[in-house]
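Worksheet: one structure, shown below.
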2 protein chains.
Amino acid sequence: MLSKKSQYAFKALEYLTDRYKQGPVLISEIAKKKKIPLKFLENILLELKKEGILDSKKGKGGGYFLAKDPARVKVATIIRLVNGPIAMLPCVSLYFYERCKNCDEKKCGLHDMMVEVRDASLSILENRTLKDLAG
Amino acid sequence: MLSKKSQYAFKALEYLTDRYKQGPVLISEIAKKKKIPLKFLENILLELKKEGILDSKKGKGGGYFLAKDPARVKVATIIRLVNGPIAMLPCVSLYFYERCKNCDEKKCGLHDMMVEVRDASLSILENRTLKDLAG
DNA sequence: GTAATTCCCTACCAAGTTGATAGACTTAAA
DNA sequence: TTTAAGTCTATCAACTTGGTAGGGAATTAC
């Protein structure tokens with residue numbers, strides 16, 4: 001399951017996508033409209049900034065805004081950044097791979113099945129962007 | 001990601017599937033062959049028994065064994081029992097549904113996307129059984 | 001009927017994660 | 001130079017995860 005943090009991140013990104021190229025948006029505005037705890041949201045947005053998804057401006061008239069075209073930010077990317085691996089097993093993850101102890105990947109039935117599940121999920125998540133999320 | 005507990009559960013079930021209808025198998029044998037901490041495995045097997053997947057016999061010659069034909073035990077069922085929801089959001093889960101606060105499911109882009117991901121995963125996990133896992 | 005074997009049960013624990021809050025600090029605009 | 005923002009550090013309670021300990025209860029063999 002996606003953590004609450006991830007769900008908040010998506011709500012905030014949806015809000016910012018709706019306001020793409022309309023100037024900075026206050027954290028407090030996002031928090032209020034999307035009903036997200038203010039200080040928690042601060043952390044999330046800061047993290048998304050450090051990872052290059054968002055950019056910000058300080059001082060009066062400041063706020064957060066998308067660093068790139070929302071049509072170019074994949075949902076899969078956001079999930080990996082905020083939530084972690086998409087795959088159900090470490091030995092099957094593309095971005096967080098760790099090999100199995102005591103289990104030969106080549107003849108592990110679970111491994112093969114989880115590769116299928118991963119690919120089925122990615123066929124959707126790699127082909128949807130922030131733009132698809134917003135109104 | 002599947003918890004270690006889930007991964008242990010699958011390893012143990014795979015072992016028991018290979019020995020289906022060959023009499024009870026000792027916890028200690030499974031623990032040794034699959035390299036699972038003994039006491040932790042005890043808990044897991046007991047849980048699987050309470051949920052009707054396994055059955056057991058006490059005393060000499062006792063042990064654990066599958067309660068039903070492994071070809072009839074879906075992988076999705078095991079994941080739900082041991083690991084929890086398969087869906088990425090509570091508002092999208094078939095077996096662990098909880099409605100979204102502050103979010104209209106009918107026009108939530110994330111909701112719709114996560115329904116797709118859930119169905120893609122289930123198309124695999126509901127159609128594979130313990131038999132498919134084993135050799 | 002009693003000893004050995006095996007699962008069953010209750011309790012506990014350390015470490016990590018999650019969700020959240022508090023407060024001071026820095027930058028930039030007016 | 002004041003004020004309005006975002007930024008940073010730190011702390012916290014509650015929960016989950018992975019694992020351990022030790023005895024109790026049922027069954028079998030003798």
Side-chain angles (χ1 to χ4, degrees), chain A residues 1-12 16 23-32 34-67 79 81-85 88-90 96 98 101-102, chain B residues 1-12 16 23-32 34-67 79 81-85 88-90 96 98 101-102:
Chain A
M1 299 270 281
L2 296 180
S3 62
K4 277 205 154 189
K5 183 177 165 187
S6 302
Q7 296 177 49
Y8 289 154
F10 276 114
K11 288 199 181 192
L16 290 173
V25 182
L26 293 181
I27 303 178
S28 55
E29 179 185 337
I30 306 173
K32 195 174 177 186
K34 291 297 187 177
K35 293 179 183 159
I36 302 170
L38 178 65
K39 298 295 278 179
F40 197 16
L41 180 59
E42 277 188 14
N43 298 332
I44 295 168
L45 296 183
L46 191 54
E47 199 180 320
L48 287 171
K49 178 185 176 178
K50 285 179 179 158
E51 280 152 346
I53 306 295
L54 297 179
D55 205 348
S56 67
K57 232 187 122 185
K58 288 185 181 177
K60 187 157 195 178
Y64 274 96
F65 49 94
L66 287 172
I79 293 181
L81 288 177
V82 184
N83 205 73
M88 298 189 96
L89 291 177
F96 299 84
E98 286 174 54
K101 299 172 188 69
N102 324 321
Chain B
M1 300 268 282
L2 295 180
S3 63
K4 276 207 157 188
K5 184 176 163 187
S6 302
Q7 296 178 49
Y8 289 154
F10 276 115
K11 287 199 182 194
L16 290 173
V25 181
L26 293 181
I27 303 178
S28 55
E29 180 185 337
I30 305 174
K32 195 176 177 186
K34 291 297 186 178
K35 294 179 183 159
I36 302 170
L38 178 64
K39 296 298 276 182
F40 197 15
L41 181 58
E42 275 188 18
N43 297 333
I44 296 168
L45 297 183
L46 191 53
E47 199 180 321
L48 287 170
K49 177 185 174 176
K50 284 177 180 160
E51 279 151 346
I53 307 295
L54 297 179
D55 204 348
S56 66
K57 233 187 120 184
K58 288 183 181 177
K60 186 158 199 178
Y64 275 97
F65 49 95
L66 287 171
I79 293 180
L81 289 177
V82 184
N83 206 72
M88 298 188 99
L89 292 177
F96 299 83
E98 286 173 55
K101 298 172 188 65
N102 323 319

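Values below: all heavy atoms of this structure, side chains included; hydrogens, waters and symmetry mates excluded. To find a chain, count down the sequence lines: A is the first, B the second, and so on, and within it residues start at 1.
Judged by closest nucleotide on DNA chain C, B:I27 is the one of A:S6 and B:I27 placed further toward the 5' end.
An OP1 or OP2 oxygen of C:dG19 is reached within less than 4.0 angstrom by no side-chain nitrogen or oxygen of A:Y8. Residue B:K4 places no side-chain N or O under 4.0 Å from the OP1 or OP2 atom of C:dG16.
Comparing D:dG19, D:dG18, C:dC7 by their nearest atom to the side chain of B:P37 picks out D:dG19.
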Identify all side-chain donor-acceptor contacts of residues 47-54 of chain A below 3.5 Å with residues at least two apart in sequence or on another chain.
from	atom 1	to	atom 2	distance (Å)
A:E47	OE1	A:K5	NZ	2.8
A:K49	NZ	A:S56	OG	2.9

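Rounded to a whole Å, the NZ atom of B:K35 is 15 Å from the P atom of D:dG19. Computed from coordinates, the A:Q7 CD to C:dT18 P distance equals 13 Å when rounded to whole Å. D:dG19 atom P lies 15 Å from atom CG of B:L45, rounded to whole Å. Regarding A:E29, its CD atom lies at a distance of 10 Å from the P atom of D:dG6, rounded to whole Å. Protein atom CG of A:L46 is 17 Å distant from nucleotide atom P of C:dT21, rounded to whole Å. The distance between atom CZ of B:F40 and atom P of C:dA14, rounded to the nearest whole Å, is 17 Å. The CG-C1' distance, from A:L26 to D:dT3, rounds to 14 Å in whole Å. Whole-Å rounding puts the B:K50 NZ to C:dC7 P distance at 15 Å.
The two residues B:G62 and B:L26 come nearest to each other via the heavy atoms O-CD2, 3.6 Å. Taking each heavy atom of B:F65 and B:L16 in turn, the nearest pair found is CA-CD2, 4.4 Å.
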Protein-to-nucleotide contact annotation, 5' to 3' order, nucleotides 21-30 of chain D [B base; S sugar-phosphate only; - none; under 4.0 Å, heavy atom]: BB---SBS--
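The CG atom of B:L41 sits 11.5 Å away from atom CD of B:E29, with the distance rounded to the nearest 0.5 Å. To the nearest 0.5 Å, atoms CD1 (B:I79) and CG (B:L2) are separated by 5.0 Å.
Listed by chain and residue number, nothing satisfies the side chain to side chain contact (heavy atoms under 4.5 Å, CB included) test with A:K60 (two or more places apart in sequence, or in another chain).
For B:E42 and B:K39, the salt-bridge test passes: some basic side-chain N is under 4.0 Å from an acidic carboxylate O.
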